[in-house]
2 protein chains.
Amino acid sequence: MRLTERKIAAALRRHGYKLTPQRRSVIRAIASSQDHLTPAAIYLKVRQDHPSIGLVTIYRTLDILVRLELICELHAGGSCHSYTTGAPEHHHHLICSNCGEVIDFSGYYLTELEQRLSRETGFKIEGHLLEFIGRCQNCQQND
Amino acid sequence: MRLTERKIAAALRRHGYKLTPQRRSVIRAIASSQDHLTPAAIYLKVRQDHPSIGLVTIYRTLDILVRLELICELHAGGSCHSYTTGAPEHHHHLICSNCGEVIDFSGYYLTELEQRLSRETGFKIEGHLLEFIGRCQNCQQND
DNA sequence: ATATAAATGATAATCTTTTTCATTTACAGC
DNA sequence: GCTGTAAATGAAAAAGATTATCATTTATAT
């Protein structure tokens with residue numbers, strides 16, 4: 001279950017940030033997309049509503065949204081620095097290497113492995129990054 | 001078990017690439033470091049041996065080494081585009097969020113999860129990215 | 001020793017991301 | 001509804017990161 005535009009906007013306000021039309025538009029761009037978008041791609045989308053928006057505003061908004069964990073940054077498949085809508089619960093991603101579609105999956109926990117690592121290395125584990133990359137059904141057929 | 005400078009160099013040659021002093025030096029920079037280095041950091045290190053080396057050579061060498069899977073690219077902890085020595089077997093990384101030390105761990109397989117995802121989504125899974133981030137023992141003490 | 005394809009470094013071009021700062025705006029409080 | 005104020009925006013430029021081009025150099029097979 002992905003966060004909707006409404007929920008992201010509400011969370012922004014709840015944290016004391018102003019809800020400007022530009023920010024709304026950035027959120028909409030991300031929330032309305034099945035796949036992950038780079039800052040430049042978001043910029044292009046948002047400019048349809050706000051022709052005079054600056055790329056800076058995109059970067060600033062993305063920073064905040066990532067920090068509040070309302071959107072996720074993806075890494076697998078060569079595309080660092082691209083973003084997709086967040087989700088309220090702990091989850092991971094499955095990304096299509098062809099079309100970029102992102103599927104969330106939850107219910108998988110790395111607690112045991114985390115404990116093993118902690119025990120064996122003395123690390124105090126703070127987080128992890130787990131992403132799968134593959135071909136979605138659609139892209140398999142059209143090959 | 002990490003690949004040594006020797007092994008990486010040998011593998012390069014085996015794949016038909018020339019073993020230049022510059023490439024040797026890039027490999028040494030990465031292999032001799034406990035943690036992960038950005039292209040710029042590698043550039044600085046290598047310039048001690050090769051004051052006239054170009055940053056381009058660093059990028060070109062990194063490209064090749066990644067493609068041959070002789071070095072790994074790290075993503076967790078904010079530092080995309082940084083590199084550490086590869087390993088001959090399937091493994092994952094544990095990265096210190098403070099000093100950047102990288103620990104490899106192996107013996108963990110995601111086959112079951114992979115099958116579940118494949119079954120549930122129809123994706124043909126090609127690979128994955130699993131990295132943990134945390135504080136190493138040293139950095140926990142010096143806080 | 002030599003020929004040759006591959007690799008290098010200098011330079012410039014192209015992105016991408018950050019800084020700075022004057023102007024504008026969302027919204028809390030009245 | 002107004003209004004004051006801190007926060008947000010956009011323009012412009014600076015700073016960083018990455019890639020392209022090309023003449024020169026070099027590793028290595030023979």
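Proteins come first, then strands; the chains are lettered A, B, ... in the order of their sequence lines, and each starts at number 1. Not measured: the values here are computed from a predicted model.
Spacing between atom CZ of R24(A) and atom C1' of dA26(C) amounts to 11 Å, rounded to whole angstrom units. Spacing between atom CG of L12(B) and atom C1' of dA7(C) amounts to 12 Å, rounded to whole angstrom units. Between the P atom of dT25(C) and the CZ atom of R23(A) lies a distance of 15 Å, rounded to the nearest Å. The distance from atom CD1 of I27(B) to atom P of dA7(C) is 13 Å, rounded to the nearest whole Å. Across the protein-nucleic acid pair, H81(B) atom NE2 and dT17(C) atom C1' stand 13 Å apart, rounded to whole Å. Atom CG of L62(B) and atom P of dA7(C) are 15 Å apart (whole Å). Protein atom CG of L37(B) is 14 Å distant from nucleotide atom P of dA17(D), rounded to whole Å. The NE2-C1' distance, from H15(B) to dA7(C), rounds to 18 Å in whole Å.
For residues 106-129 of chain B, every residue pair satisfying the ring pair (Phe, Tyr, Trp, His ring centres under 6.0 Å) rule, not counting sequence neighbours, is listed here: F132(A)-H128(B), H90(B)-Y109(B), H90(B)-H128(B), H92(B)-H128(B). The list of ring pair (Phe, Tyr, Trp, His ring centres under 6.0 Å) pairs with a residue in residues 4-56 of chain A, not counting sequence neighbours, is empty. Residue pairs meeting the salt bridge (charged side-chain N to carboxylate O under 4.0 Å, His left out) criterion with at least one member in residues 119-129 of chain B, sequence neighbours excluded, are R135(A)-E126(B), R116(B)-E120(B).
Residues that satisfy the side chain to side chain donor-acceptor pair (under 3.5 Å) test with S106(A), not counting sequence neighbours, are E89(A). In this structure, T85(A) has no side chain to side chain donor-acceptor pair (under 3.5 Å) partners at least two apart in sequence or on a different chain. Looking at residues two or more places apart in sequence or on another chain, you find a side chain to side chain donor-acceptor pair (under 3.5 Å) between S33(B) and D35(B).
In this structure, H50(B) does not reach the dG9(C) phosphate: none of its side-chain N or O atoms is under 4.0 Å from OP1 or OP2.
The minimum heavy-atom distance between A29(A) and L37(A), with the atom names listed, is O-CD1, 3.6 Å.
Between H81(A) atom NE2 and C80(B) atom SG the span is 4.5 Å, to the nearest 0.5 Å.
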Show every donor-acceptor pair shorter than 3.5 Å between a side-chain atom in residues 51-62 of chain A and any protein atom, with sequence neighbours excluded, or say none if there are none.
| unit_1 | atom_1 | unit_2 | atom_2 | d |
| --- | --- | --- | --- | --- |
| T61(A) | OG1 | T57(A) | O | 2.7 |

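Helix-axis bend for the helix from dA1(C)-dT30(D) to dC30(C)-dG1(D): the local axis fitted to the five terminal pairs at one end deviates from that at the other end by 50°, rounded to 10°.
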| Contact pattern, 5' to 3', of nucleotides 19-30 of chain D - B, S or - by protein heavy atom under 4.0 Å | BB------BSS-

